[in-house]
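Scroll down for the structure; my scribbles are underneath it.
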Amino acid sequence: MDKFVKKNIIDKKREEELRAHQDEFADFQGSTAELYFLKFTHFLARNRKNVFLILGTIVIVLVSVIGYFEYQDHRFQKETVLLEDIISKHKKTNAPIDTQIADLESFLNSNNSGNMDLRVWKDLSRLYAEKGNWEKSADYLEKAGKKIDTPKEMKAYYFYLAGNYRDNQADSKKALENYKIASTLLDNNSEVKSFKAWAFYHTGRLQLETGDKPGAKLSLEKVLKIDASESDNLEEVKLLTTY
C-alpha cells in the first residue's frame, strides 16, 4: 500500500514538471506582439500578489523620495527668506558688529539643516575679522573650506585666507596647515599663477620658521619655477622667495 501511494506521488510530480515545461502557447496563431501580451497577462495572473507588492513598494519609495526633496526645497526657501530678513534688518538699523554676529550665530543654532552654512560662515568670518578676532574668523573659513570640494581654487582661497588670519594671531602651526592645503590644491593649476606663488611662498616661509628646511626648499623652489608673463606680476613674491 505504501509503495502504491509513493508511486502516485512520484507520478503526480512528474506530471507537474511536464506541465511546467510544456509551452501552453505552442499552438498560438496570432502575431508576436499578441503572443508577448498574452504571456505577460498570464504571468501577471499567476504572480499577481508578488507583482502588486513590488509595484506598491516602488510607489512608496517614489513618493518618499519626492516628498523628501519637496520638504528640503521648502526648508531651503524658508531659511533663505529668514536670513535675508536678518541681513536686511542689520543694514537698515546699522547694527553693531556684535549684534550681527549674535544674530547670525543664533540663526545657525536654530536652523541646522546646513543649507545656509557656507553663506553664514563667510559672513561671520568677515565680521570677526573686522573685530580683529583672527582665531574665530579663521575657524569659520576653515569650516567653509571643508564643506566645498569644487572649484578647487575657491576651496584653496578659504584655506589661504584662514592661513593669513592664523598668521595674524601668530599661530604658525595652524597657519602652515592651512597654507599647505591651499598650495596642494593649486599645485597643478596653471591658471592662477600669482595665487599659487603666494600660497607656496607662505608655505615655504612657515616651513622654514618651524624647522622643516627640506620642505621649505621644495615649496620655495616651486615658486621660482612658475613661468610668468608680464601680466602675472610675480616679481615681488619671487624676490621674497630668494631671501
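In this chain, residues are counted from 1 in sequence order. Values below: every heavy atom of this structure, side chains too, minus hydrogens, waters and symmetry copies.
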Closest non-hydrogen atom pair between A162 and L141, with its separation: N-CD1, 3.7 Å

Contact summary for E209 and S172, nearest pair of heavy atoms: OE2-OG, 2.7 Å

Basic-acidic side-chain contact under 4.0 Å: K193, D227: no

Nearest atoms (heavy-atom pairs only) where M116 meets L83: CE-CD2, 3.6 Å

From OH (Y165) to CG (D167), nearest 0.5 Å: 12.5 Å

Interatomic spacing from CG in D171 to CZ in R166 - rounded to 0.5 Å: 6.0 Å

N189 and K152, any side-chain heavy atoms less than 4.5 Å apart: no

Stepwise side chain to side chain contact (heavy atoms under 4.5 Å, CB included) check, T242 with L220: CA-CA 8 Å; T242 59; L220 297 175; over 6 Å; no

No-hydrogen, no-angle side-chain donor-acceptor test under 3.5 Å, N178 and Y158: no

S106 side-chain N/O to A102 backbone N/O, donor-acceptor pair under 3.5 Å: no

Contact check, side chains of K131 and I101, non-hydrogen atoms, under 4.5 Å: yes

From CD1 (I87) to CD (E84), nearest 0.5 Å: 5.5 Å

Distance, nearest 0.5 Å, that separates CG of D85 from CG of D103: 12.0 Å

Joint cluster assignment, L118 & L185, ILVMFWY side-chain distance < 4.5 Å: no

Single-linkage hydrophobic cluster, 4.5 Å side-chain cutoff, V237 and L161 together: yes

SB check K174 E135 (cutoff 4.0 Å): no

Donor-acceptor under 3.5 Å (S137 side chain, N133 main chain): no

Distance, nearest 0.5 Å, that separates CG of L206 from OH of Y201: 9.0 Å

Donor-acceptor contact present, side-chain T93 to main-chain K89, <3.5 Å: yes

E142/K146 ion pair, N-O < 4.0 Å: no

Worked check of side chain to side chain contact (heavy atoms under 4.5 Å, CB included) between E153 and Y160: CA-CA 10 Å; E153 295 83 358; Y160 177 82; over 6 Å; no

Full working for side chain to side chain contact (heavy atoms under 4.5 Å, CB included) between K173 and T210: CA-CA 8 Å; K173 182 180 178 180; T210 54; over 6 Å; no

4.5 Å side-chain heavy-atom contact, L124 and K143: no

Same apolar cluster: L82 and L108, side chain cutoff 4.5 Å: yes

Shortest non-hydrogen separation from V223 to A197 and the atoms involved: CG2-O, 3.5 Å

Neighbour count >12 (heavy atoms, 6.0 Å) for atom NZ, K155: yes

Where T99 and H90 come nearest, the two heavy atoms and their spacing: O-NE2, 4.2 Å

Interatomic spacing from CD in E177 to CZ in F159 - rounded to 0.5 Å: 10.0 Å

Geometric class of the Y128/Y140 ring pair [parallel <30°, tilted 30-60°, perpendicular >60°]: parallel

Flag, side chain of S125 to backbone of W121, donor-acceptor distance under 3.5 Å: no

Cluster link Y157 to L186, ILVMFWY, side chain under 4.5 Å: yes

Cluster link L234 to L224, ILVMFWY, side chain under 4.5 Å: no

side-chain contact (heavy atoms from CB on, under 4.5 Å) partners for E130, two or more places apart: I97, R126, L127

Heavy-atom pair of closest approach, residues I226 and K238: O-NZ, 2.6 Å

Side-chain donor or acceptor of S219 paired with backbone N/O of A216 under 3.5 Å: no

Worked check of side chain to side chain contact (heavy atoms under 4.5 Å, CB included) between K222 and K196: CA-CA 9 Å; K222 288 189 176 185; K196 176 179 176 179; over 6 Å; no

